[in-house]
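Structure first, commentary second.
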Amino acid sequence: MEFVEKDINEQTLTLKVVNLSDGDARAVYKNTTFDFRRFGNLRCYVHAEKVDELDDLNKNDLKFFIRLGSDFTENYYEYEMPFDLTAWGATDTADIWPQSNYLDIDLQKLIDAKQARNVKNRYEGSIALTDIYTISEGDNNIRVVGSPSLADIKIIMLGIRNPKKKILADNDDMQPKSVELWVNELRLGNFEEKGGWAALGAMRLDLADLGDVSVATSITTAGFGALESSTY
């Protein structure tokens, strides 16, 4: 897999896979420390094209995915979508960056997927936190593993997956695939301007001959932070 970062002003990543095997995936990632709770959406533009004009590649043969979490494998949210291919030699901006490839993730849906998983597990007990829980939205998929939190995003992963054939009725030809993908202007949107709050509580009990017991607790909601904080 090749990875190229374009000019910083363009905020663009280029991902290129050649002969990506059926059921395999390749990705790049960035370590970060971010609180996504103040935002409603995560957005980016995706452009895709064949590596070679004669390649046999169609929509749904490959999927683009973005993974957010505190680690790579045990606590993360993932959003996956197919993408349209730009015709070889196209020059029109609308063809290069088709609206169908515009990714706009409603972050609340990630939280809802985790809550749905937890409710199902509470009543059925059939889903371990280490299992991948999937909710489909048409051709797009939301996946949850472990106990990720939008308040504690430590990795952002962008990748390409060649979905594994599951049933005979699938149109998957099980062949390796190649594609060049551009991801442009990954950004957060719908900033919540409402301030947060914090509280601190302390209690001390005098238990006569038994001794003293002291208890302290605190809570901080999204939006509360120091003026110089970059995550609020």
Side-chain angles (χ1 to χ4, degrees), residues 1-6 10-30 32 36 39 41-52 55-69 72-73 76-88 90 93-107 109-110 113 132-145 148 150 153 155-166 170-189:
M1 178 174 180
E2 295 182 6
F3 161 64
V4 179
E5 184 172 3
K6 296 298 182 180
E10 294 182 8
Q11 301 296 314
T12 302
L13 293 177
T14 300
L15 310 175
K16 181 179 178 181
V17 293
V18 177
N19 294 326
L20 183 64
S21 301
D22 188 54
D24 199 2
R26 290 292 184 273
V28 297
Y29 68 91
K30 177 179 176 63
T32 184
F36 280 20
F39 300 88
N41 299 78
L42 181 64
R43 299 165 176 156
C44 68
Y45 294 93
V46 176
H47 159 81
E49 62 185 51
K50 298 178 180 180
V51 173
D52 187 279
D55 284 346
D56 181 16
L57 186 64
N58 301 291
K59 185 173 183 178
N60 285 311
D61 284 348
L62 294 169
K63 303 285 185 74
F64 168 71
F65 68 89
I66 180 167
R67 185 175 291 186
L68 310 168
F72 298 110
T73 58
Y76 64 83
Y77 295 109
E78 183 180 285
Y79 195 93
E80 179 189 72
M81 75 167 193
F83 45 80
D84 285 317
L85 295 158
T86 296
W88 193 267
T93 301
D95 294 329
I96 296 174
W97 302 103
Q99 189 62 32
S100 59
N101 285 358
Y102 178 59
L103 181 62
D104 188 352
I105 303 173
D106 182 347
L107 295 176
K109 290 185 177 180
L110 304 183
I132 298 175
Y133 180 74
T134 304
I135 291 181
S136 296
E137 294 187 324
D139 291 332
N140 299 348
N141 295 307
I142 296 174
R143 297 189 175 96
V144 182
V145 175
L150 293 181
I153 300 299
I155 66 106
I156 300 175
M157 177 182 286
L158 307 175
I160 303 169
R161 177 177 290 122
N162 186 351
K164 189 172 183 62
K165 187 179 181 70
K166 295 180 179 179
D170 284 350
N171 292 324
D172 192 337
D173 59 11
M174 298 186 292
Q175 296 300 309
K177 302 293 181 182
S178 304
V179 73
E180 183 170 330
L181 204 72
W182 289 25
V183 183
N184 192 42
E185 295 186 8
L186 180 66
R187 63 202 184 279
L188 291 161

(message) Please determine whether side chain to side chain contact (heavy atoms under 4.5 Å, CB included) holds for the pair Asp56 and Asp173, giving the CA-CA distance in whole Å, both sets of side-chain angles, and the decisive distance to 0.1 Å.
(response) CA-CA 10 Å; Asp56 181 16; Asp173 59 11; 4.3 Å; yes

(request) Check the surroundings of atom OH in Tyr102: do more than 12 heavy atoms from other residues, nucleotides or ligands lie under 6.0 Å from it? (result) yes

(message) If you count heavy atoms of other groups shown closer than 6.0 angstrom to NZ of Lys63, is the number above 12?
(response) yes

(request) With rounding to the nearest 0.5 Å, note down the distance linking CZ in Arg67 to OG1 in Thr73. (result) 8.0 Å

(message) Tell me the closest heavy-atom pair linking Asp172 and Lys164, and the distance in Å.
(response) OD2-C, 3.7 Å

(message) With a 3.5 Å distance limit and no angle check, can you tell me whether Ser178 reaches the backbone of Asn19 through a side-chain donor-acceptor pair?
(response) yes

(request) Output yes when a side-chain donor or acceptor of Asn162 lies under 3.5 Å from a complementary backbone atom of Gln175, and no otherwise. (result) yes

(request) Working to the nearest 0.5 Å, report the span between CG of Asp104 and CZ of Arg43. (result) 4.5 Å

(message) Test your reading of the model: is there a side-chain donor-acceptor pair from Lys165 to the backbone of Met174, 3.5 Å cut-off?
(response) no

(request) Check whether any side-chain heavy atom of Arg187 sits under 4.5 Å from a side-chain heavy atom of Phe39, and report yes or no. (result) no

(request) List the steps, then state whether side chain to side chain contact (heavy atoms under 4.5 Å, CB included) holds for Ile142 with Glu137. (result) CA-CA 8 Å; Ile142 296 174; Glu137 294 187 324; 4.2 Å; yes

(request) Check whether any side-chain heavy atom of Tyr79 sits under 4.5 Å from a side-chain heavy atom of Leu103, and report yes or no. (result) yes

(request) State, yes or no, whether a side-chain contact exists between Thr32 and Ile153 at a heavy-atom distance under 4.5 Å. (result) yes

(request) Taking all non-hydrogen atoms of both residues into account, name the closest pair between Phe64 and Cys44 and its distance. (result) CE2-SG, 4.4 Å

(message) Under a 3.5 Å distance rule, please check whether Lys50 uses its side chain to pair with a backbone N or O of Asp55 as donor and acceptor.
(response) yes

(message) Is the shortest side-chain heavy-atom distance between Tyr76 and Ile132 below 4.5 Å?
(response) yes

(request) With rounding to the nearest 0.5 Å, note down the distance linking CE in Met81 to CG in Asp139. (result) 11.0 Å

(message) Between Thr134 and Arg143, does the side chain to side chain contact (heavy atoms under 4.5 Å, CB included) criterion hold? Intermediate values first, please.
(response) CA-CA 4 Å; Thr134 304; Arg143 297 189 175 96; 3.5 Å; yes

(request) Starting at CG of Leu42, measure out to CD1 of Ile66 and round the result to the nearest 0.5 Å. (result) 4.5 Å

(message) Can you confirm whether Leu62 sits close enough to Phe83 that some side-chain heavy atom of one is under 4.5 Å from a side-chain heavy atom of the other?
(response) yes

(message) Quick one: does any side-chain atom of Asn101 pair with a main-chain N or O of Asp84 as donor and acceptor, under 3.5 Å?
(response) yes

(message) Are Asp24 and Val17 packed together at the side-chain level, in the sense that at least one heavy-atom pair is separated by less than 4.5 angstrom?
(response) no

(request) Return the minimal non-hydrogen interatomic distance between Asn41 and Asp106, and the atom names on each side. (result) ND2-CA, 3.8 Å

(request) Please step through side chain to side chain contact (heavy atoms under 4.5 Å, CB included) for the pair Phe65 and Asn141, ending with a clear verdict. (result) CA-CA 9 Å; Phe65 68 89; Asn141 295 307; over 6 Å; no

(message) Whether the side chain of Thr86 engages the backbone of Asp95 through a donor-acceptor N/O pair (distance < 3.5 Å, no angle test) should be reported.
(response) yes

(request) Report yes if the side chains of Glu49 and Trp182 come closer than 4.5 Å at any heavy-atom pair, otherwise no. (result) no

(request) May I ask you to test the Val46-Leu181 pair for a side-chain heavy-atom distance under 4.5 Å? (result) yes

(message) On a heavy-atom basis, which atom in Val51 and which in Trp88 lie closest, and how many Å separate them?
(response) O-CH2, 3.6 Å

(request) Report the distance from atom CG of Leu158 to atom CD1 of Ile156, rounding to the nearest 0.5 Å. (result) 7.5 Å

(request) Identify whether the distance between the nearest side-chain nitrogen and carboxylate oxygen of Arg161 and Glu78 falls below 4.0 Å. (result) yes

(message) Measuring from atom CG of Leu57 to atom CG of Leu85, what distance do you get when rounded to the nearest 0.5 angstrom?
(response) 4.5 Å

